[in-house]
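Each residue takes its place number in the sequence, starting with 1.
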Amino acid sequence: MLPLGPDLPHTHPRPVHWLATAAALAAVVAGAAVLQPSDAKATTDTTTASAPGSGAPRAPIVKAPDPTAADYPVDCGSQKPDVTDRASGDLDGDGRPETVAVVRCHSETGTPPSGIYVLAQPDGKGSGEEAAGKGSGAGPGRPRIVATFLDPREGMSIKDFALRGTKISATLLGYSSEQVPRCCPDLQRKVNWQWKDGKFVLKALPVAGSV
């Protein structure tokens with residue numbers, strides 16, 4: 001089981017409360033470590049432009065997926081989830097940018113759990129579940145969800161989200177018990193994700209003070 005980091009200064013949960021959150025975080029690590037996009041080589045706009053005076057076509061100008069256009073598997077009732085953070089870059093080295101989006105349901109009080117998703121451009125097929133408006137990133141022309149780093153059902157939120165090079169990093173925030181207010185997570189762990197050997201690999205950074 002993956003050990004968690006220290007509790008935040010405003011709370012001091014009893015040891016028994018750490019077990020449930022430790023199990024949840026371990027499940028996130030185990031699940032994300034083997035996630036792999038179904039088609040990382042997403043097709044994109046192939047419009048080309050000629051270099052001035054050369055007559056030779058330039059490389060296609062590929063836009064990163066727009067996170068506000070994706071259809072996320074997050075139940076927010078009649079509302080779309082808020083995109084609270086985003087970052088774009090070529091994560092898998094195929095020459096086409098992906099977008100990592102952090103989303104959560106809108107709330108005026110408390111902190112709803114977040115989801116972290118990797119988006120690729122539409123595959124251009126426009127058939128099957130996507131044409132019917134179903135599935136990950138469903139709908140013709142919408143970005144596709146090719147990997148899930150964090151599922152909102154895990155009940156966690158994040159901070160310090162960043163993309164540096166091809167490494168995505170964040171601090172996962174959780175709760176030691178149901179009694180902890182949803183505004184104030186009391187557990188945290190720094191993690192990062194990076195594409196290696198054909199899949200995204202999640203690494204949990206050492207806990208402060210651990211050996």
Side-chain angles (χ1 to χ4, degrees), residues 1-37 67 70 72-76 81-89 91 98-107 109-119 145-196 199-211:
M1 181 177 293
L2 183 70
L4 287 177
D7 52 313
L8 300 182
H10 61 278
T11 56
H12 298 280
R14 292 177 296 172
V16 66
H17 292 155
W18 291 84
L19 299 179
T21 306
L25 185 53
V28 173
V29 172
V34 297
L35 282 176
Q36 182 175 0
Y72 299 98
V74 181
D75 184 7
C76 297
D82 292 337
V83 178
T84 60
D85 215 334
R86 68 187 76 185
S88 297
L91 304 180
E98 291 79 34
T99 295
V100 184
V102 181
V103 305
R104 70 184 185 194
C105 294
H106 183 78
S107 176
T109 59
T111 305
S114 295
I116 308 178
Y117 301 95
V118 181
L119 307 176
I145 297 174
V146 294
T148 300
F149 286 169
L150 179 65
D151 191 316
R153 290 176 295 184
E154 297 293 344
M156 298 183 185
S157 55
I158 75 164
K159 68 175 184 178
D160 304 328
F161 173 79
L163 171 61
R164 296 179 178 87
T166 60
K167 183 180 294 185
I168 305 99
S169 61
T171 299
L172 299 180
L173 304 175
Y175 302 88
S176 59
S177 75
E178 292 295 330
Q179 284 67 49
V180 177
R182 299 300 97 174
C183 66
C184 311
D186 59 337
L187 302 176
Q188 62 179 334
R189 187 68 185 269
K190 294 181 178 180
V191 298
N192 60 59
W193 296 265
Q194 193 165 22
W195 183 265
K196 292 183 179 179
K199 63 183 179 181
F200 286 109
V201 176
L202 172 59
K203 178 181 179 181
L205 302 187
V207 177
S210 65
V211 178

Quiz item: Who pairs with R153 by salt bridge (Lys or Arg N to Asp or Glu O under 4.0 Å), at least two apart in sequence or on another chain?
Solution: D151
Quiz prompt | Taking every non-hydrogen atom, the tightest pair across P67 and R86 | solution = CG-NH1, 3.6 Å
Self-check item: Full working for side chain to side chain contact (heavy atoms under 4.5 Å, CB included) between F149 and L172
Solution: CA-CA 11 Å; F149 286 169; L172 299 180; over 6 Å; no
Practice problem: With the side chain counted from C-beta on, respond yes when L187 and Y175 share a heavy-atom pair under 4.5 Å apart, and no when they do not. | Solution: no
Quiz item: Between P81, S157, S107, P152, which is the residue that forms a side chain to side chain contact (heavy atoms under 4.5 Å, CB included) with P112?
Solution: S107
Quiz item: Quick one: CZ on R104 to CE on M156, what's the gap to the nearest 0.5 Å?
Solution: 16.0 Å
Practice problem: Could you list the residues that satisfy side chain to side chain contact (heavy atoms under 4.5 Å, CB included) with D82, not counting sequence neighbours? | Solution: T84, H106
Exercise. Without swapping roles, check the side chain of N192 against the backbone of K167 for a donor-acceptor pair under 3.5 Å.
Key: no
Practice problem: Report yes or no: does R189 contribute a side-chain atom to a donor-acceptor pair with the main-chain N or O of L205 at less than 3.5 Å? | Solution: yes
Self-check item: Those residues that, when tested against T166, pass side chain to side chain contact (heavy atoms under 4.5 Å, CB included) (two or more places apart)
Solution: Q194
Practice problem: May I ask you to test the L91-V100 pair for a side-chain heavy-atom distance under 4.5 Å? | Solution: yes
Quiz prompt | Verdict with reasoning, Y117 to T99, per side chain to side chain contact (heavy atoms under 4.5 Å, CB included) | solution = CA-CA 8 Å; Y117 301 95; T99 295; over 6 Å; no
Quiz prompt | Parallel, tilted or perpendicular: rings of W195 and F200 (30°, 60°) | solution = perpendicular
Quiz item: Nearest heavy-atom pair of P73 and I145: which atoms, and what distance?
Solution: CD-CD1, 3.4 Å
Exercise. Provide the closest heavy-atom pair for I158 versus A170 in the form atom of the first, atom of the second, distance.
Key: CD1-CB, 4.3 Å
Quiz prompt | 4.5 Å side-chain heavy-atom contact, Q188 and L173 | solution = yes
Self-check item: Heavy-atom check, side chain of D160 versus side chain of S169, under 4.5 Å
Solution: no
Quiz item: How far apart are the closest heavy atoms of A87 and L163, and which atoms are they?
Solution: CB-CB, 3.6 Å
